[in-house]
Engineer: 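Quick one: the structure is below, questions incoming.
Protein chains get the first letters and strands the later ones, always in sequence-line order, with residue 1 at the start of each.
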Amino acid sequence: MHRVQWRGLRLCFIALLSTSANAQQDSTGVADSLLIQTLQQQLSQVAPPPAAPVAPRSAPSTNPNMSVIGDFRMSYQSPAHRHIDAEFHEAEIAVQSVVDPYARADFFFSVARDPLTGKFGLDLEEGYLTSLDLPAALQLKAGKFRSMFGKINNIHPHALPFIDVPNVYVHYLGDDGLNDEGLSLSWLIPNPLDFYQELTIEATRGPDDNPNFVRSEVDRYLYLGHLKNFWDLTDNATLELGLSAASGQNDSAFASVLGGIDLTYKWKPLQFNTYQSLVLQAEAIWSSKRLTETETVKSWGMYALATYQIGKRWFLTGRFDYSNLPDNASFVERAYSGVLGWYATEFQKIELEYKGTTSNVLPTANQVFLRSVFVIGAHGAHAY
Amino acid sequence: MNGFFNTAIKLVIVLLVSMSLLQAKDKLRVVTTLTDLKSITESIGGDKVDVFAIATGFQNPHFVDPKPSYILKLSKADMFVTIGLDLETGWVPPLLNSARNANVLKGAPGYVDASENVSLQQVPTSVNRGEGDIHIYGNPHYWLDPVIGKIIAKNICDGLIRLDRENESFYQGNLKKFSDGIDTKIKEWTGKMQPFKGAKIIAYHNEWVYFEQRFGLKIVDFLEPKPGIPPSPSQLAKVINEMKRDNMKVIISSPYFTAESADLVARNVGGKVVTLATSVGADASIKTYFDLFDYNVGKMVDALK
């Protein structure tokens, strides 16, 4: 029976490939004749006379787009010996450009304080090449990048509507998220219902500083898969359902497996889309971490949030966090947070967050954060 | 069980084959950013094109969400038409970067920048974001001058011919029809606006410079203190004084701005707010690029007389 299934799957795969190939090519389909046709077409084309430019455009330059993003924070916490603090959390330097007709490159350098030495240092946060012209709706990313796990792992923290990352992310993917070096291949899956469905497969070396995964000294790597489904419910509302899985070596030299599901509903009236919007988002992560030959810890965590845009510049976010620890399923942490955000322009925002955390082990903690995020230069747009 | 799998697999294959047959197209698939570009592309391409516009006519063209469903449209497109400059800079790059379709990337035959050869207004000599949302190449709202519409049509026509040389004469014929149509209508539109030449007005956002110059209006000030910065009390007070001083009665706004600020000013000076259409489809009655100016000219004449 398995063989029948495999043959079937293989057939499906070939059929899918040919479908997307057909979408791009003439249905006659013979590669050689296509090439000849293209050549003939190009030969028959007479170059249009160059028109004189009628207005000055800005000076052409091959310099990449550059921007610097500042993330400055102040905080209050209790209980603590030092309650109030200030921190220049990060200066992010983004350098982005198209490389050639086949690829683009994105670099994000982070200047942040080293927690051990206390000195500011420059680090490569991300640096990757993205293909622009692979056949069959494929796209390849190579380099160091934020992994495509869940809904927010690949979003830079300054772009999130809250200051602290959800507890489940901190515990299972790390303070700075899952960020590793390797390859990422994504495919827009053609489907009869014609909705957006993207499958991403990643193979990376294994991160150096992550609560769940480590870099193995043998031939074990971190593998990750993400399936993103997206639907336009109405002109004003969309729904996204994501499924994620990751598997790699943990700090006990056994395997850790993470599974994730994320659901996002967005509402924004098209006509007044700069004044009002609503986002409802929930995400859960399950972990299976093997500690010894006989012992495996199964734990989980989740968060749910709502962001409502009150007016052109004001955003209100409420979030609930629940999380175990990868090593400890009996540890239970709950947190409630509220964030008020003021977005001056596309280039500056100020956010104020309160967060209360309770757990069955640690005393109740209260935190207040104030964050200022500001951008200079040609900062690119964020994905939806 | 085997039977079930076989049937399921056959079903999937039948679906896929029928999909690829459906996709075996004879029409060029065109994606445009704005509805105005869609209307003009349909005028030139006729029944040889199938056009999808990303933004709706009543949406602020600076702020469109780059939804993944648009990536899907772009991934299958033969041609992409953009207003260009930096109007769509907040949403077109993430769409094109993920489209996996080299046919519609900048530099490819299927990429049409509608602004080519357009004489731009308000080209800055220096750029400083302290001045608000400054457009570094010049004011990008050029489609609001119907005469510039002819240049847009020419750019789109060139693009269609690059992709479909066989039908060159068809496209050229339609371009001529379109341009002749504008030449005829422009006389009617400017004729109607002639009595109001030099009329001073106020606008909400700096997006009417091409319309203003074509029809001889004079926009004195804006409700936004700087482009993209929401109206402030001090700016509204300034505008009220200006309107009283020069006896101005008309404020033009756009469908995607809320009414409060403009209404407040109008109440204070005994004037009126005219919401003009910024794109085809802004009002249900505006079905083509020609309707857009019929509508706006009609509204302006009503307000100024």
Engineer: Is it the case that more than 12 heavy atoms not belonging to B:K73 sit under 6.0 Å from its NZ atom?
Structural biologist: no
Engineer: Under the side chain to side chain contact (heavy atoms under 4.5 Å, CB included) rule, what do B:K76 and A:D194 come out as? Steps first, then yes or no, please.
Structural biologist: CA-CA 11 Å; B:K76 297 174 189 163; A:D194 210 27; 2.5 Å; yes
Engineer: Please list, chain by chain and in numerical order, all residues satisfying salt bridge (Lys or Arg N to Asp or Glu O under 4.0 Å) with A:K151, sequence neighbours excluded.
Structural biologist: A:E240
Engineer: Could you go step by step and tell me if A:W187 and B:R100 meet the side chain to side chain contact (heavy atoms under 4.5 Å, CB included) rule?
Structural biologist: CA-CA 9 Å; A:W187 179 40; B:R100 303 148 162 88; over 6 Å; no
Engineer: Would you mind checking which part of B:T56 comes under 4.5 Å of any heavy atom in chain A, side chain (CB onward), backbone (N, CA, C, O), both or neither?
Structural biologist: side chain
Engineer: From A:F230 CZ over to B:S69 OG, what is the distance, rounded to the nearest 0.5 angstrom?
Structural biologist: 4.5 Å
Engineer: Hey, could you give me the CD/CG distance between A:Q197 and B:L72, rounded to the nearest 0.5 Å?
Structural biologist: 10.0 Å
Engineer: What distance do B:S75 atom OG and A:L188 atom CG have between them, rounded to the nearest 0.5 Å?
Structural biologist: 5.5 Å
Engineer: Looking at A:K228, A:K312, A:K268, which one has more heavy-atom pairs under 4.5 Å with chain B than the rest?
Structural biologist: A:K268
Engineer: Considering non-hydrogen atoms only, spot the tightest contact between A:R313 and B:P230 and give its length.
Structural biologist: NH2-CD, 3.4 Å
Engineer: Are there over 12 heavy-atom neighbours, none belonging to B:F52, within less than 6.0 Å of that residue's CZ?
Structural biologist: yes
Engineer: Do B:N97 and A:T130 touch side chain to side chain, with heavy atoms closer than 4.5 Å?
Structural biologist: no
Engineer: Looking at B:K67 and A:D235, is any side-chain nitrogen of the basic one under 4.0 Å from a carboxylate oxygen of the acidic one?
Structural biologist: no
Engineer: Does NZ belonging to B:K226 count more than 12 external heavy atoms closer than 6.0 Å?
Structural biologist: no
Engineer: So which part of A:F195 gets closer than 4.5 Å to some heavy atom of chain B, the side chain, the backbone, both or neither?
Structural biologist: backbone
Engineer: With chain B as the partner chain, list the residues of residues 270-278 of chain A whose heavy atoms fall under 4.5 Å from it, by residue number, and write 'none' if nothing qualifies.
Structural biologist: A:L270, A:Q271, A:F272, A:N273, A:T274, A:Y275
Engineer: Determine the minimum heavy-atom distance between A:Y196 and B:P68, stating which atoms define it.
Structural biologist: CD1-O, 3.1 Å
Engineer: Heavy-atom pairs under 4.5 Å with chain A: which of B:L105, B:T258, B:I71, B:L95 has the most?
Structural biologist: B:T258
